[in-house]
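Let me begin by presenting the structure, written as structure tokens, before commenting on it.
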Amino acid sequence: MEKLDLKKLPRHIAIIMDGNGRWAQNKRLSRVKGHQKGLEAVKEVVETCGELGIKILTLYAFSKENWRRPREEVNELMRLLQRYLVEERKELLEKNIRLNAIGDLEDLPTPILEILKETVEMTRHKDGLILNLALSYGGRSEIVAGIRKIIEEVEQGKISRDDITPETFSRYLFTRDLPDPDLLIRTSGELRISNFLLWQIAYTELYFTKTLWPDFGKEELIQALLEYQRRERRFGLTTSQIRGSFTPA
Ligand code: IPE
Ligand code: IPE
Ligand code: MG
């Protein structure tokens, strides 16, 4: 069996956790059961990333568009989020994990937002894995919000128009302190991005699997990492440049 090269791991993994509903449907269970099982997969993947020494794991947990699902399903997803944020506190602290969240967080029900803030605050000083939850997240909204902020600062004279570059613009996004994902995984067989990290994935390696999210775990994460390690990231350059001394910014 191929072995993982622990020196060539992605710094930042992002995952579109899709397929909970279909997993449940295949088993003649309610969609809610699928989400509950999906939470178990979250725990396993977070633990594995921690063990491997991955620096950042961004999980697409709830999109801006997901608010339009049936009310009972949205309520259940919020309930699960709340449970996770409270019940996992001890685990996060023990495993040296720092929680972060991106998205239009003010859309969340107030009690959940408060709990989220508390958990983020409690883990603020941890320096292991950064677990970055995308909640009420939409890539286009994020970019538009960034543009608004940057216009405001230009108008106030804090920065000039010429200061706006791809690098500076990145600092106006929710992910301002984080490097772009090296690897993006989507489960459930859908071959689309669904408004996730549109700006940040310009040079991310994409990995799609038919596995439904509740069935995803340590083993398949390692498969994805092995596949990542077989890829050559060229960033627009040639192979010989890449094999030489070039290091991406
Ligand atoms: C992913 O599973 C969870 C969320 C989007 C919150 P889905 O609920 O989208 O499952 P499918 O795609 O209907 O199978
Ligand atoms: C993407 O899954 C959002 C999350 C995983 C949270 P969806 O199930 O909402 O995406 P579409 O609707 O199939 O594109
Ligand atoms: Mg889906």
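Heavy atoms only: backbone and side chains are in, while hydrogens, waters and symmetry mates are out. Ligands are counted one by one from 1 in listed order, and the atoms in each one are counted from 1 as well.
Counting heavy-atom neighbours within 6.0 Å of Lys210 NZ, excluding the residue itself, gives a total of 12 or less.
Polar contact with ligand 1: absent for Leu77 (N/O pair, distance under 3.5 Å). Taking distance alone, with nitrogen or oxygen atoms compared against 3.5 Å, Asn66 approaches ligand 2 more closely than that limit. Checked against a 3.5 angstrom limit, the closest N/O atoms of Arg22 and ligand 1 fall inside it. Any N or O atom pair closer than 3.5 Å counts here, and Ser63 shares no such pair with ligand 2. Backbone and side-chain nitrogen or oxygen atoms of Arg69 are examined, and one is located within less than 3.5 angstrom of a nitrogen or oxygen of ligand 2.
Note that atom 12 (O) of ligand 2 has no protein non-hydrogen atoms nearby, at separations under 4.0 angstrom.
Side-chain N/O atoms of Tyr203 and Arg234 include no donor and acceptor closer than 3.5 Å. Remark: the Trp199 side chain and the Ser170 side chain contain an N/O donor-acceptor pair separated by less than 3.5 Å.
In this structure, Thr123 OG1 and Asn100 CG are separated by 8.5 Å, a value rounded to the nearest 0.5 Å. In this structure, CZ on Phe174 lies 7.5 Å from OH on Tyr137, to the nearest 0.5 angstrom. The distance from atom CG of Leu221 to atom OG1 of Thr211, rounded to the nearest 0.5 Å, is 11.5 Å. Taken from OG1 in Thr204 to CZ in Phe196, the straight-line distance is 10.0 Å, to the nearest 0.5 Å.
For atom 1 (C) of ligand 1, the nearest protein heavy atom (residue, atom name, distance) is Met17 O, 3.0 Å. Remark: minimum distance from atom 2 (O) of ligand 2 to any protein heavy atom is reached at Arg186 NH2, 3.7 Å. The protein heavy-atom contact nearest to atom 14 (O) of ligand 2 is Ser194 OG, 2.6 Å. The protein non-hydrogen atom at the shortest distance from atom 10 (O) of ligand 1 is Gly21 N, 2.9 Å. Shortest contact from atom 6 (C) of ligand 1 to any protein heavy atom: Ala61 O, 3.4 Å.
Taking every heavy atom of Phe62 and a limit of under 4.0 angstrom, the matching atoms of ligand 2 come to 6 (C). Numbered from 1 in the order shown, with element, the atoms of ligand 1 that lie under 4.0 Å from a heavy atom of His35 read 3 (C), 8 (O).
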(message) Please evaluate residues Arg230 and Glu227 with respect to the criterion salt bridge (charged side-chain N to carboxylate O under 4.0 Å, His left out), reporting the C-alpha separation (whole Å), side-chain torsions for both, the decisive distance (0.1 Å), and the verdict.
(response) CA-CA 5 Å; Arg230 286 193 290 268; Glu227 165 68 21; 3.0 Å; yes
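In summary, Lys95 and Glu51 do not engage in a salt bridge, as defined by a charged side-chain N under 4.0 Å from a carboxylate O. Ion pair Asp107/Lys64 flagged as a salt bridge, since at least one NZ, NE, NH1 or NH2 atom sits closer than 4.0 Å to an Asp/Glu carboxylate oxygen.
Protein N/O/S atoms found under 2.8 Å from the Mg ion (ligand 3): Asp18 OD1.
For Glu190, the closest heavy-atom approach to ligand 1 does not fall below 4.0 Å. Ligand 1 lies within reach of Gly19, whose nearest heavy atom is under 4.0 Å from it. Within the 4.0 Å heavy-atom cutoff, Arg192 counts among the residues contacting ligand 2.
At least one donor-acceptor pair closer than 3.5 Å links the side chain of Thr165 to the backbone N or O of Thr168. A donor-acceptor pair under 3.5 Å is formed between the side chain of Gln229 and the backbone N or O of Lys8.
With respect to Arg186, the side chain to side chain contact (heavy atoms under 4.5 Å, CB included) criterion is satisfied by exactly one of Ile193, Ile16, Leu191: Ile16.
The minimum heavy-atom distance between Glu65 and Tyr60, with the atom names listed, is OE1-OH, 4.3 Å.
When non-hydrogen atoms are compared, ligand 2 lies under 4.0 Å from neither the backbone nor the side chain of Phe196.
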